[in-house]
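To start, the structure itself, in structure tokens.
Order of appearance sets the numbers: ligands from 1, and atoms from 1 within every ligand. The chain is numbered in sequence order, starting from 1. Small disclaimer: the values here were computed from a predicted structure and weren't measured.
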Amino acid sequence: MSKKNSVSNIEKIKQASDNLRGTIRESLRDEITGAIREDDQAVIKFHGMYQQDDRDRREERAAKKLDRLFSFMIRLRLPGGFVTPQQWIAIHDIAGENATGVIKITTRQTVQLHGIIKSNIKPAIQAFNEAKLDSIATCGDINRNVLCSSHPGQSPIHAQIFAYADKISEMLMPKTRAYYEIWLDEEKLLDKKDEEDPLYQDRYLPRKFKIGIAIPPNNDVDVFANDVGLIAVIENDELKGFNIAVGGGLSTTHGNPATYARLATVIGFAGSEEKTLKAIYAIATIQRDYGNRSDRKLARLKYTLDKYGVDWFINELEKRTGFALAPAMEYSFTDRMDYYGWQQNAEGLWYYTVFVENGRILDDEKVALKSALREVAKTGKANFRFTCNQNVIISDVQPTDKQSIHAVLEQFQIISHTEATGSVRKNSMACVAFPTCPLALAEAQRYLPVLIGKIEALLNKHALTQEEMIIRMTGCANGCARSYLAEIGLVGTAYGKYNMHLGGDHCGTRLNSIYRENLAEEEILLELDGLFFLFKTERNKQEGFGDFVTRKGLV
Ligand code: SRM
Ligand code: SF4
């Protein structure tokens, strides 16, 4: 049968899964292996978990004729990336008791815990539940964690806009009780009608579905990388509504020219909450009904949009919502960086943004970040907000408590750690890659810190250390650290080899393009040395690196 006419295997698994139950219970009971059954590996994603194995130990274990060292990663659902101090302590403890101990902040404003063995998944989920945390729908063919610009000082109405992340997440949650039955021992549903799902039905979406909300002028969420991007339109501190952008997505596949990164297209403006939510829901239904269900490489909304055309899409959206979007309102982005250090919002509350290299919260030889953040949480005087740049904001601190929180941060050298870090490192991001990501071709988060050190030496040589250059690295072409939106993007092609992409802009409105292929470290540094020299000598005043290479036609 031709690939074109047949649905993919994952589609069959979803439909046969009894609303995402699969045989997960049986898989969990099987003590012979640390893995779960193959079909369940697809189903469990909808519960926010991935089966993985330690890739560093594959060879050694294969030589000993041992099974791979299986474990699971759990990703939390945190719309807008917000947790209370009590929830922070719970995450800290669960990471220590059931996982590797590292709390990994993701590029989509949530956290992942890795290395959870099969028998520890249920205790971990139950402990999360006690802290009012869940991992529902953070993976799988469904709406994922909803992003929102994280810096409360950005706008006096930040809280009002931020609330949309939660509303959208709730609206697009699956109706199945599978998560509650399997992990939280809720009684089995007798009447399946109670979980009928008009949105997802029994086939869910053709692919993952991502939504982000940006509050201009900061595009910290990289709004155009989402299937649906909302851009808040604010006039005189009043929320007028949202520009709606559709069809963003970054992933490509090496050697498959049919795949491409695409920025979302702004299709209009929704001037009320009702219209905004209705439009988002309808967009999800269009993707459900028209998305490609045979080739998963071409199943994201961006391909649906390009296949049928933007005009068709707008028409279809109008049919489904019963109203037309208004013409898009003006907006402008100037930035997408985190505002490190102390900031204050319009209500006078204080926020401290801590630099977390590649989102890895742990105590290491450089800084005891994990202990410090637990100490802060123990005071009960600050919330925590994750940013899409993989950092954490100690937030909502009353002016009267600022000094005591500052003292904790000083005691653990978090202030000096954040202040002493150079701007290029502070703006860099890497995805997880080895040893847990099964798709990694090259290192990313374990290697970028070392490479940045060498790039810093080059910047120093060319007197460019103050530049706010955005460098991002991913271990494969999926682009999880949004490397295609970096000024310098390094995309893994093989172990130790990267494609170099150049020319993204500073605010995430231009994709970069490939400059050189399959470079090893030495070649990367050699190329950058030459480019930095040109940049230093031929740039226009105030011109960013990405704009420079684009103007010069270097890519
Ligand atoms: Fe991603 C798959 C990690 C953000 C595009 N991503 C994966 C998996 C789950 C590998 C897998 O399928 O087994 C990685 C788990 C590694 C591990 O060991 O933890 C993984 N992705 C991540 C995270 C943790 C990177 C990070 O270091 O922060 C990010 C988690 C986000 C979250 O909290 O939900 C992460 N992934 C992204 C982004 C960035 C974004 O959304 O802003 C992208 C590009 C944007 C996009 O979606 O187009 C991204 N990840 C992918 C893709 C390609 C999807 C596609 O359209 O083809 C895959 C592979 C897949 O789905 O088949 C993938
Ligand atoms: Fe894994 Fe590739 Fe995503 Fe990196 S970009 S986490 S290597 S899937």
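Aromatic rings from Tyr164 and Phe242 are positioned such that their centres are separated by under 6.0 Å. In this structure, the ring of Phe72 has its center no less than 6.0 angstrom from the ring center of Tyr50. In this structure, Phe128 has its ring center no closer than 6.0 Å to that of Trp183. Between Phe82 and Phe384, the ring centre distance reaches or exceeds 6.0 Å. For Phe434 and Tyr495, the ring centers are positioned less than 6.0 Å apart. Residues His501 and Tyr484 place their aromatic rings such that the two centres sit under 6.0 Å apart. Checked against a 6.0 Å centroid threshold, the rings of Tyr351 and Tyr339 do not count as neighbours.
Under 4.0 angstrom from ligand 1, the non-hydrogen atoms of Ser251 come from both its backbone and its side chain. Looking at Ala444 against ligand 1, nothing comes within 4.0 Å, counting heavy atoms. With a heavy-atom cut-off of 4.0 Å, Arg144 does not touch ligand 1 at all. When heavy-atom distances to ligand 1 are checked against a 4.0 Å cut-off, Lys104 comes that close only through its side chain, counted from C-beta outward. Residue-level proximity to ligand 1 for Arg75 is carried by the side chain, the only part with a heavy atom below 4.0 angstrom. Contacts with ligand 1 closer than 4.0 Å are made by no heavy atom of Lys297, backbone or side chain.
Between Asn145 and ligand 1, a contact under 3.5 Å exists for no N or O pair. By the 3.5 Å distance cut-off applied to N or O atoms, Gly479 is not counted among the residues near ligand 1. In terms of N/O distances under 3.5 Å, ligand 1 is not approached by Pro438. Annotation: Gln112 places an N or O atom under 3.5 Å from an N or O atom of ligand 1; distance criterion only. Not one N or O of Asn478 is nearer than 3.5 Å to an N or O of ligand 1, by distance alone. Here's the thing with Thr138: none of its N/O atoms is less than 3.5 angstrom from an N/O atom of ligand 1. Considering both main-chain and side-chain atoms, Tyr50 never comes within under 3.5 Å of ligand 1 through any nitrogen or oxygen pair.
Nearest protein heavy-atom neighbour of atom 7 (C) of ligand 1: Cys480 SG, 4.0 Å. Ranking protein heavy atoms by distance to atom 33 (O) of ligand 1, first place goes to Thr106 OG1, 2.6 Å. Nearest non-hydrogen protein atom to atom 12 (O) of ligand 1 is Leu439 CD1, 3.6 Å. Shortest contact from atom 62 (O) of ligand 1 to any protein heavy atom: Arg207 NH2, 2.9 Å. Taking atom 14 (C) of ligand 1 as the reference point, the nearest protein heavy-atom neighbour is Cys437 SG, 4.0 Å. When only non-hydrogen protein atoms are considered, atom 48 (O) of ligand 1 lies nearest to Leu250 N, 2.6 Å. Of the protein's heavy atoms, Arg300 NH1, 2.8 Å lies nearest to atom 56 (O) of ligand 1. Lys208 NZ, 3.3 Å is the protein heavy atom nearest to atom 63 (C) of ligand 1.
At a threshold of 4.0 Å, the pair Asp141-Arg296 counts as salt-bridged, since one of the basic side-chain nitrogens sits closer than that to a carboxylate oxygen. We find that Arg336 and Asp220 are not joined by a salt bridge, their nearest charged nitrogen and carboxylate oxygen being 4.0 Å or further apart. Ion pairing of Glu468 with Lys426 is absent here, as no side-chain N (NZ or NE/NH1/NH2) approaches a carboxylate O to less than 4.0 Å. Of the charged side-chain nitrogens involved, none lies within less than 4.0 Å of a carboxylate oxygen, so that Glu521 and Lys497 do not count as a salt-bridged pair. With respect to Arg425 and Glu357, a salt bridge is recorded, a charged nitrogen being found less than 4.0 Å from a carboxylate O. Between Arg446 and Glu443, at least one side-chain N (NZ, or NE/NH1/NH2) sits under 4.0 Å from a carboxylate O, which counts as a salt bridge.
Between the side chain of Thr252 and the main chain of Ala261, no donor-acceptor pair closer than 3.5 Å is present. Of the possible donor and acceptor atoms, one in the side chain of Asp505 sits under 3.5 Å from a partner among the backbone N and O of Gly508. The main-chain N or O of Leu78 is found under 3.5 Å from a side-chain atom of Asn145 such that the two form a donor-acceptor pair. Between the side chain of Lys118 and the backbone N or O of Asp30 there is at least one donor-acceptor pair closer than 3.5 Å.
For ligand 1, the atoms sitting less than 4.0 Å from at least one non-hydrogen atom of Met73 are 15 (C), 19 (O), numbered in the order shown with element in parentheses. For ligand 1, the atoms sitting less than 4.0 Å from at least one non-hydrogen atom of Gly249 are 48 (O), numbered in the order shown with element in parentheses. Atoms of ligand 1 found under 4.0 Å from any heavy atom of Thr436 (numbered from 1 in listed order, with element): 17 (C), 18 (O). Near Thr107, meaning under 4.0 Å from any of its heavy atoms, are these atoms of ligand 1: 4 (C), 28 (O), 29 (C), 35 (C), 39 (C). Taking every heavy atom of His114 and a limit of under 4.0 angstrom, the matching atoms of ligand 1 come to 17 (C), 18 (O), 19 (O). Each of the following atoms of ligand 1 lies closer than 4.0 Å to a heavy atom of Thr110: 33 (O). Of all atoms in ligand 1, numbered sequentially from 1 with element shown, those under 4.0 Å from a heavy atom of Ala430 are 27 (O).
Inspection of the environment of atom 2 (Fe) of ligand 2 yields the following protein N, O or S atoms under 2.8 Å: Cys476 SG.
For Arg296, the heavy-atom gap to ligand 1 stays at 4.0 angstrom or more. At least one heavy atom of Gln390 lies less than 4.0 angstrom from ligand 1. Under a 4.0 Å heavy-atom criterion, Asp222 is not in contact with ligand 1. Heavy-atom distances between Cys139 and ligand 1 stay at or above 4.0 Å for every pair. Within the structure, the closest approach of Gln109 to ligand 1 does not fall below 4.0 Å when heavy atoms are considered.
Among Arg262, Arg108, Lys210, Arg482, the residue whose heavy atom lies closest to atom 49 (C) of ligand 1 is Lys210.
Between Tyr340 and Phe355, the ring planes lie perpendicular to each other; the angle is over 60°, past the 30° to 60° tilted range.
If you run side-chain contact (heavy atoms from CB on, under 4.5 Å) between Tyr498 and each of Asn518, Ile524, Thr474, only Ile524 comes through. Considering Leu305, Ile211, Ile244, Asp227 in turn, Ile244 is the only one that fulfils the side-chain contact (heavy atoms from CB on, under 4.5 Å) rule with Ile283.
Within 6.0 Å of atom NZ in Lys297, 12 or fewer heavy atoms from other residues, nucleotides or ligands are found, so the atom counts as exposed in its surroundings. Around NZ of Lys175, the count of heavy atoms belonging to other residues, nucleotides or ligands within 6.0 Å exceeds 12. Heavy-atom contacts from other residues, nucleotides or ligands closer than 6.0 Å to CD of Glu60 number more than 12.
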